[in-house]
Structure formats: structure tokens, C-alpha cells
Amino acid sequence: MNSKGSNAQAFPTADQVESIFDALAQGRALHHGYWAGGYREDAGATPWSDAADHLTDLFIDKAALRPGAHLFDLGCGNGQPVVRAARAKGVRVTGITVNAQHLAAATRLANETGLAGSLRFDLVDGALLPYPDGFFHAAWAMQSVVQIEDQAAAIREVHRVLEPGGRFVLGDIITRARLPEEYAAVWTGTTGHTLNSLTALVSEAGFEILEVTDLTAQTRCMVSWYVDELLRKLDELAGVEPAAAGTYQQRYLGDIAAKHGPGPAQLIAAVAEYRKHPDYASNEESMGFMLLQARKKQS
């Protein structure tokens with residue numbers, strides 16, 4: 001990050017980060033990974049792709065899905081999480097997005113997995129849902145709410161289209177302390193919510209809050225995992241072959257660029273450089289992740 005006169009490579013803009021995550025994921029889920037035993041303890045043994053599936057499984061569990069239920073996904077991304085839910089629980093899904101590329105990717109995935117009859121994806125504004133009252137049995141929002149312009153309206157709409165007693169599961173990035181504006185905007189697309197403010201938003205929409213958990217210690221985004229993989233190897237080389245560290249980093253980033261494109265390599269390089277900044281440790285602790293389980297009250 002360019003700060004205090006640093007010559008470090010600049011972070012991409014928030015808009016660029018979305019396409020970078022798409023390229024880096026290569027069809028896998030776009031959201032955070034979840035390491036039940038703690039990220040610092042388990043990240044070296046469990047790859048991010050598996051950990052991302054583990055977070056999806058946690059959403060599936062908290063949504064209390066039953067076979068034949070109709071799940072609403074507020075911000076479906078590339079469709080990977082709901083494909084996993086449909087396979088695991090036999091549910092039907094309607095997912096929405098405002099990103100035409102994500103809509104195409106999710107629709108293509110539904111066709112490729114033979115689930116087109118169970119999965120539907122619409123290009124829809126989350127604050128103006130076209131579905132009837134009480135239309136869905138359950139709903140979730142997986143790292144989407146903080147990127148919606150009118151967040152309160154979107155959550156009220158989820159409440160409206162959910163049946164009485166239906167579960168709503170929300171998982172999203174939170175800030176645990178004030179972050180530098182550039183750093184917060186890159187990772188959240190907004191100035192961010194705290195655990196309490198996002199919980200209040202759900203409660204004010206009429207939901208009964210069942211459970212709120214700070215999962216910061218158990219979660220990381222895919223870019224952080226890739227950076228940590230790089231830094232773990234550099235630490236090993238520094239102890240035995242210091243001269244090889246620079247060569248390894250160039251090769252690692254070159255491999256990322258060749259496989260995923262220059263954008264992901266740029267972002268990983270920028271984050272790795274920022275790890276050397278004196279503000280990094282406090283900023284990492286300031287970024288968090290929460291999981292909330294709520295229920296629409298019975299009429």
C-alpha cells in the first residue's frame with residue numbers, strides 16, 4: 001500500500017478487486033475460508049479451497065435447510081455455494097446478483113452440474129426484489145450485504161420474502177477498529193460495519209436474532225491465504241538460503257500471473273509488501289468476519 005511515502009506497489013481499486021477474486025478463484029467459491037481449529041493453527045494444512053467449502057457448510061447448517069426447501073441467496077456470486085447446498089440438502093435455490101458476469105457464471109455452473117432445474121439466478125437489485133411475500137423457506141447473504149448501496153432496504157426485502165419462522169444467515173466482513181480508508185475500501189467496497197452495527201441492521205428489519213459469532217480467528221480471504229503461503233516459504237528460505245528468497249517470490253508471483261492473470265499477482269504482491277508496513281499488524285486485527293443466524297418471527 002502506498003502510504004507515508006512508501007514506494008510499495010499500489011493496491012488495485014475496489015472495483016478491480018472483484019474481477020481479481022474471480023480470476024483467482026477459477027470457478028471456486030469467492031468467499032472467505034473457514035478453519036474450525038483457527039486460521040493460524042490450520043491454514044498450512046488446509047488449502048483455501050477446502051476451507052471455503054467449510055464456510056459454505058457452516059451456512060448450510062445454520063440455515064436449517066430441509067429437502068425441497070426454497071433457499072434465497074442475496075448475492076449469489078458465481079453460484080458455487082448454492083450448488084453445494086443443492087447437492088447436500090436437495091434444496092431449490094433462487095440467487096440474485098447485479099453482476100452480469102456472475103449471473104452468466106452461475107447459470108453456466110447450474111447447467112454443467114445438471115442442477116438447472118433446481119437453481120435459478122436473476123439479475124436483480126437486492127433492495128427491490130420481484131418475489132412475493134413469504135416466498136422462500138430460508139435465505140442467506142454470503143459476503144454481500146456490505147457491498148450493497150441500500151443495505152437496510154435489502155435486508156428488509158429479505159425479511160419480506162421469507163416465510164414466518166424462516167432462517168436468515170448472514171456472514172460478512174466487519175471492522176473491529178477504524179481502518180485506513182484505502183485499506184477498508186479495497187477489502188469491503190465500503191467503509192465497513194462492526195459486528196454490532198450489522199446485527200442492529202438485521203434486528204431493525206424485524207428479524208429475531210438467534211446467534212452472532214465473531215469468526216475472525218477462524219477465517220481469511222483467499223488473497224490473504226495465498227500471501228501467507230508465499231511468506232511461509234520465504235521465512236523457510238531466509239533461514240537456510242537467504243539469496244533464494246527473492247528468486248522464489250518472483251517465481252511464485254510469475255506462476256500466479258500465468259495461471260490467474262496479472263491482476264491477482266499484483267494484489268498478492270501489494271499485500272505481501274504491506275505486511276512489512278508498521279501499521280499492518282494492527283490493521284489485520286481490525287479486519288474481521290462475523291456470522292449471524294436470525295429468524296423471521298411467526299405472525
Side-chain angles (χ1 to χ4, degrees), residues 27-32 34 36 50 52-99 102-145 148 154-172 202 205-213 291-299:
R28 301 302 298 264
L30 297 168
H31 57 69
H32 274 41
Y34 172 70
D50 289 349
D53 286 342
H54 295 164
L55 185 63
T56 298
D57 292 342
L58 192 58
F59 270 71
I60 291 171
D61 178 63
K62 297 297 182 181
L65 300 176
R66 61 185 185 274
H70 195 176
L71 170 68
F72 174 66
D73 185 1
L74 177 66
C76 61
N78 60 15
Q80 281 286 347
V82 293
V83 164
R84 191 170 179 86
R87 284 173 166 168
K89 295 295 184 179
V91 296
R92 295 174 294 128
V93 180
T94 296
I96 67 163
T97 179
V98 294
N99 184 314
H102 284 174
L103 178 70
T107 301
R108 183 169 58 251
L109 181 64
N111 290 327
E112 290 173 350
T113 55
L115 293 169
S118 299
L119 306 180
R120 168 180 170 169
F121 302 102
D122 295 328
L123 198 65
V124 168
D125 182 348
L128 295 167
L129 298 181
Y131 314 114
D133 295 359
F135 191 60
F136 299 101
H137 300 109
W140 71 34
M142 197 175 290
Q143 284 178 236
S144 60
V145 169
I148 295 174
I155 295 176
R156 286 196 301 269
E157 279 290 86
V158 172
H159 184 271
R160 179 184 66 78
V161 301
L162 193 60
E163 71 173 7
R167 299 292 178 93
F168 174 46
V169 183
L170 180 153
D172 227 318
V202 176
F207 282 101
E208 174 189 1
I209 306 299
L210 301 178
E211 182 182 15
V212 180
T213 308
L291 184 73
L292 178 150
Q293 182 192 48
R295 176 171 55 205
K296 182 173 179 176
K297 299 173 184 177
Q298 297 284 353
S299 300

Distance (rounded to the nearest 0.5 Å) between Thr107 OG1 and Arg120 CZ: 10.5 Å
Shortest non-hydrogen separation from Ala106 to Gly77 and the atoms involved: CB-O, 4.0 Å
Criterion side chain to side chain contact (heavy atoms under 4.5 Å, CB included) on Gln293 and Thr213, from CA distance to verdict: CA-CA 9 Å; Gln293 182 192 48; Thr213 308; over 6 Å; no
side-chain hydrogen bond (donor to acceptor under 3.5 Å, both in side chains) involving Asp73 - partner list, sequence neighbours excluded: Trp140
Donor-acceptor under 3.5 Å (His137 side chain, His70 main chain): yes
Residues Leu170, Val158; criterion side chain to side chain contact (heavy atoms under 4.5 Å, CB included); working and verdict: CA-CA 11 Å; Leu170 180 153; Val158 172; over 6 Å; no
Reported CG-to-NE2 distance for the pair Leu123 and His102, which is rounded to 0.5 angstrom: 12.0 Å
Arg92 side, atom CZ; Leu115 side, atom CG - distance, nearest 0.5 Å: 13.5 Å
For Val124 against Val98, the heavy-atom pair lying closest together: O-CG1, 3.4 Å
Nearest atoms (heavy-atom pairs only) where Leu119 meets Ala86: CD2-CB, 4.0 Å
Thr56 side chain reached by Ile60 side chain, heavy atoms, under 4.5 Å: yes
Tyr131 side chain near Asp122 side chain, heavy-atom distance below 4.5 Å: yes
Least distance between heavy atoms, Val91 atom then Ser118 atom: O-CB, 4.0 Å
Whether Lys296 side chain and His159 backbone form a donor-acceptor pair below 3.5 Å: yes
Criterion salt bridge (charged side-chain N to carboxylate O under 4.0 Å, His left out) on Arg295 and Glu208, from CA distance to verdict: CA-CA 5 Å; Arg295 176 171 55 205; Glu208 174 189 1; 3.2 Å; yes
Name of the residue among Leu162, Val82, Ile96 meeting side-chain contact (heavy atoms from CB on, under 4.5 Å) with Phe72: Ile96
Reported NZ-to-CG distance for the pair Lys62 and Leu292, which is rounded to 0.5 angstrom: 10.5 Å
Heavy-atom pair with the smallest gap, counting every atom of Ala138 and Ala63: CB-O, 4.0 Å
Atom pair CG (Leu129) and CZ (Arg156), whose distance is rounded to the nearest 0.5 Å: 11.5 Å
Exam field: side chain Arg87 to backbone Thr113, donor-acceptor pair closer than 3.5 Å: no
Stepwise side chain to side chain contact (heavy atoms under 4.5 Å, CB included) test for Thr97 and Phe121: CA-CA 8 Å; Thr97 179; Phe121 302 102; 5.9 Å; no
Criterion side chain to side chain contact (heavy atoms under 4.5 Å, CB included) on Tyr34 and Leu291, from CA distance to verdict: CA-CA 11 Å; Tyr34 172 70; Leu291 184 73; over 6 Å; no
Heavy-atom pair of closest approach, residues Gly126 and Leu74: CA-CD1, 3.9 Å
